[in-house]
Amino acid sequence: MNLQQSVTDRANELVADRLAVEKFAVGQSVPRKEDPTLLRGRGRYTDDVSLPGQAYAVMVRSQNAHGVIRSIDTEVARKMPGVLGVYTAANLKGYGPLKCVVPFNNRDGSPMKKPLREALAVGKVRYVGDPVAFVVAETVNAAKDAAEAVVVDVESLPAVTTAEESAQAGAPQIYDDVPGNVALDYHYGDAEAVKAAFDKAAHVTKVRMLNSRLVVAPMEPRAALAAYDGQRFTFYVGSQGVFGMRANISEAMGVPAKEVRVLTGQVGGSFGMKAAVFPEYICILHAARALGRPVKWTDERSGSFVSDSHGRDHEVTGELALDADGKFLAVRLTSHANVGAFLSPVAPMPGTLNAVKNVQGMYRTPLLEVSTKVMFTNTSHVSAYRGAGRPEGNYYMERLIDAAAMEMGIDRLVIRKKNLIASRDLPYKAASGGVYDSGDFAALSKQAIEFGDVKGFAKRKRESTRRGKLRGIGIGNFLEVTAPPSKELADLKFNPDGTVTLATGTMDFGMGHATPFAQVLSDQLGIPFEKISLMQGDSDKLAAGGGSGGSKSLMHTGTAIVEAAAKVIEKGKELAANALEAAPSDIDFNRGNFTIVGTDRSISIMELADKLHNGEKPPADGPLSLDVTHISDGPGASTYPNGCHVCEVEVDPETGIVNIVRYSCVNDFGNVINPLIVEGQLHGGVVQGIGQALMEHTVYDNDGQLLTGSFMDYAMPRAADVPSFELIDHPAPATTNPLGVKGCGEAGCAGALTSVTNAVIDALSGHGIRHVDMPLTPAQIWQSLQDAKANRAQ
């Protein structure tokens, strides 16, 4: 091959590499890397893992919502065929309790109540589903048969299932050391200043709202597999981050973290729920050590309804003070938050701090007060669920705004517009203490109103009226605060086979991390996209990790990638200088190539890595490879994704059935790394918001029995229930992280709750209906219309 041909071939290779990089560049809608694997059924979920000699665990759960345990008879169960062990709380002594990790104080400064929570019930049961024992056997069926043979004698006590009822004098006491069932009496704000604002207000709007309780219902039920080799636990489990899960497991088991390895494969949804250590995990870890055999536990859907954490469940009185022109003076929330029978790791946050951070949304609201009593009840525990206080904070404000507009005779669009934070006021310190660094709220809202053709609504409403339908339009502005900064890992390994492995401590449980992370890394270092693989699910391979939650993953891992890439470049300059026989100060890096400044002599980063793996001697006293392990302190602050959603509905007044006929939105997620994945995340969040707004509701009877314990009784949105979504981006890049990105995973819920509910109330407003609580089911709507008709007849 002559020199001319060699140069031509090299030029063609560079052009091909450049085109490949552009195809997968930041901002491109690159399909998810994992989809071919998952669509072919080749994913590895927890229950797909089996180990030689494994046994199977089945839980024995309380059928009483509240009562004193008189005895647990396990004798018959122990003698049944295939049974290896039957365990109660007496067998689990010495293990640490399951903890609430957030440090809150009561309004008087005293610490909140955190009653001890063991893996199995001790002395009392406090909700239907409370685990009291478990059986391990050779087969699942043998374990089920034996579990049914365990006799639990419980002296029943009165139960309480709602937060407001739990706060009443004389309510059943769930813990002897928690007077009045109050886990936390939370307060934020200057009560006197807020009162003064309300006293001088020209108008005060007050709305009581129910943030309804939800079942999480991920596609994959919880499952776990524990093994013990005499020195170390290996634990397979769906999680939201293996590094944090390992720390929590080791603490609960009373062993050093190095004696626990956590492995997470694909996760079929979590929405906040699978982040925690659950009682079943401690049980099977104990059994694996006691029996010297691996032990697997897989929940069934009926068990999930009572054993998984639930979401939401707040009873709120919202108040908005306005001057005569409709400008906001103050907002006040007074709430009861139901945390169930025990505290999850983050149980108090959604109804307290996250309400504070999110209720003012994108509006100038000078004063804010939030008072919340966090209450224990005889129900399954409540924890984070997609948004964890962010969607509902926005919901409270948006419902108050619509109600205020109706009461004051001000157009809903006008009252919103005059209270939006102006771009010139950024950075803006909100009443919550947060600082909004970026946003274009007025222009975004204007674009959303135009995109949703709000001007054409009157014509569409007349057409609906001719067909006997009630048509309504709802506006849902939102601004939510993502999780705060925390340390995160970016570990880059250049492998001998020409691939690069990125290890990081966030966790993909359905979001599609591998693709945008690879896009960012490829953009920073010019590594071919297809050569990059992601490792998140093995705690042995992580030096740190903050997990995923609060829509933070791209800000945290993205920041770590950018910082780690800079270190790779610095190392690479020394290594390239050695390979090219030049001084490191003469080496420039651009688009994946190290070049001697002022010449055409260069070496690509992948060529350099290959040379190092194949005998190239590194410089004396210099780096040995391009590999970097970097622990970032995280982005500078939380981000503030925001948007405006516009929903139109038709309501059949004869049946109460709601049909969503139009749905559009404009969103600000900062710089969008992968529009396709962002759109998918938004779709999912919107559908979950629609589910809560129109149909999902967890219901207990007065005895604490779950009435909505299966999908026969608990309605979930289906494809036929949701419209096609129209959406566009209006990016105002964040200034607090190097990529300029903002979280998107939970934003869809925030936009949907407000816009869908407001649309339905608007459709009903002609009948004098001012508010209806979620879920806006046909029965609820029909009854509201009948009540309104009866009131008019009086």
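When a residue number appears, it is its place in the shown sequence, counting from 1.
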Original post:
Which residue pairs pass the side-chain hydrogen bond (donor to acceptor under 3.5 Å, both in side chains) test with at least one member in residues 246-259, sequence neighbours excluded?
Top reply: Lys99-Glu251
**OP:** Kindly write out the residues that satisfy ring pair (Phe, Tyr, Trp, His ring centres under 6.0 Å) with Phe134, not counting sequence neighbours, or none if the list is empty.
**Re:** Tyr87
**OP:** Would you mind listing every salt bridge (Lys or Arg N to Asp or Glu O under 4.0 Å) that reaches into residues 493-521, with sequence neighbours excluded?
**Re:** Asp491-Lys493
Subject >> Pairs touching residues 667-692 that satisfy salt bridge (Lys or Arg N to Asp or Glu O under 4.0 Å), sequence neighbours left out >> reply: Asp668-Lys742
Subject >> Summary of salt bridge (Lys or Arg N to Asp or Glu O under 4.0 Å) pairs that have at least one residue in residues 230-243, sequence neighbours excluded >> reply: Arg232-Asp540
Original post:
Residues two or more places apart in sequence or in another chain: which of them pass side-chain hydrogen bond (donor to acceptor under 3.5 Å, both in side chains) with Lys296?
Top reply: Ser50
Subject >> Non-neighbouring partners of Phe233 that pass ring pair (Phe, Tyr, Trp, His ring centres under 6.0 Å), sequence neighbours left out >> reply: Tyr228
**OP:** State which residues pass ring pair (Phe, Tyr, Trp, His ring centres under 6.0 Å) with Phe725; sequence neighbours excluded, sorted by chain then number.
**Re:** Tyr663, His683
Subject >> Listed partners of His310 passing ring pair (Phe, Tyr, Trp, His ring centres under 6.0 Å), at least two apart >> reply: none
Original post:
Of all residues at least two apart in sequence or in a different chain, which pass the side-chain hydrogen bond (donor to acceptor under 3.5 Å, both in side chains) check with Arg117?
Top reply: Asp130
Subject >> Test side-chain hydrogen bond (donor to acceptor under 3.5 Å, both in side chains) applied to Asp627 - qualifying residues, sequence neighbours left out >> reply: none
Original post:
Who pairs with Lys33 by side-chain hydrogen bond (donor to acceptor under 3.5 Å, both in side chains), at least two apart in sequence or on another chain?
Top reply: none
